[in-house]
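Position 1 is the first residue of the sequence, and the numbers go up from there. Values reported hereafter were calculated over all heavy atoms of this structure, with side chains retained and with hydrogens, waters and symmetry mates removed.
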Amino acid sequence: MIPKSHPRYESLLLRDKIVKASKEGYLADSAMIAHGRGEAFDYLIGEKTTYPAKRAMYVAVAALLLSNNPVISVNGNATALACDEIIELAKSVNAKIEINLFYRTDDRVKIITKLYKDHGYKDILGTLDDDIEYLDDIKNNRASASKTGIYSADTILIPLEDGDRAEILKKSGKNILTIDLNPLSRTSKMSDVSIMDNIVRAIPFMTKIAEDLKTQDKAILIDLVNEFDNEENLKESLEQIRVKE
């Protein structure tokens with residue numbers, strides 16, 4: 001038990017979720033390393049949502065609402081940290097959810113499929129029973145995608161995604177949105193909209209944004225997307241990183 005008075009309480013809770021998910025068998029071996037790297041960046045921004053991140057969230061939500069076939073791609077880490085919140089966001093922006101694993105195994109897919117169904121989301125894509133295609137005819141797991149999901153999607157939210165997969169998706173002509181605490185990562189640089197924030201803060205906030213933007217005129221959403229410069233926003237994101245004395 002972690003006392004709420006502990007100065008690292010929230011961070012330790014997230015670590016515990018990752019450890020539990022690893023024990024349950026649906027995380028890749030490198031998942032803890034990836035989480036630790038993100039945790040370090042979160043610490044450097046004060047474990048709070050910055051202005052550039054909020055701006056990117058508004059743009060990302062606008063892009064999802066404007067899309068014909070938006071998809072939220074989920075892996076083990078994203079599922080462990082924000083399964084329920086991802087489901088709520090998907091409902092809010094009318095997006096599909098697809099299991100997309102860099103290190104894909106049948107066991108991991110089965111466990112994650114069951115998790116989403118147990119949490120009330122029955123239409124999860126990327127399962128063992130799904131119709132899988134390969135982006136750009138690359139016959140490996142990095143390019144696998146559900147035919148009705150990522151393969152035919154126009155906009156994809158890829159939180160905590162690997163750089164190789166992000167690059168393949170981008171080269172396939174998709175509009176790529178990411179949540180990544182590392183603004184220097186290949187995923188952040190490859191994406192059209194990069195949100196430098198912790199997924200546990202970003203996803204719920206994006207759901208709130210969606211409820212607001214759904215009441216706005218479509219032209220406002222289009223302007224949000226067209227006026228956004230991801231490279232400039234990443235530069236501003238980097239400026240938020242401060243070494244604490």
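A salt bridge links Lys235 to Glu232: at least one charged side-chain nitrogen sits closer than 4.0 Å to a carboxylate oxygen.
In the hydrophobic clustering of this structure, Phe228 does not group with Met190; members are Ile, Leu, Val, Met, Phe, Trp, Tyr whose side-chain heavy atoms approach within less than 4.5 Å, directly or through other members.
Side-chain atoms of Thr155 and Ser67 include a donor-acceptor pair closer than 3.5 Å. Inspection of the Thr79 and Tyr116 side chains reveals an N or O donor paired with an N or O acceptor under 3.5 Å. Under the 3.5 Å distance criterion, with hydrogens and angles disregarded, a donor-acceptor pair is assigned to the side chains of Glu211 and Ser92. Side chains of Asn230 and Asp192: a donor-acceptor N/O pair is absent below 3.5 angstrom, by distance only. Counting only N and O atoms by type, the side chains of Asn233 and Arg55 include a donor and acceptor under 3.5 Å apart.
The number of heavy-atom neighbours closer than 6.0 Å to CG of Asn94, taken from other residues, nucleotides and ligands shown, is 12 or below. Heavy-atom neighbours of Lys23 NZ from other residues, nucleotides or ligands within 6.0 Å: at or below the threshold of 12. Heavy-atom contacts from other residues, nucleotides or ligands closer than 6.0 Å to NZ of Lys114 number 12 or fewer.
Taking the salt bridge (Lys or Arg N to Asp or Glu O under 4.0 Å) definition, one finds that Lys189 meets it with nothing, sequence neighbours left out. In this structure, the side-chain contact (heavy atoms from CB on, under 4.5 Å) partners of Asp217, at least two apart in sequence or on a different chain, are Ala219, Ile220.
Tested against Ser194, the residues Pro52, Ser185, Ser188 include a single side chain to side chain contact (heavy atoms under 4.5 Å, CB included) partner, Ser188.
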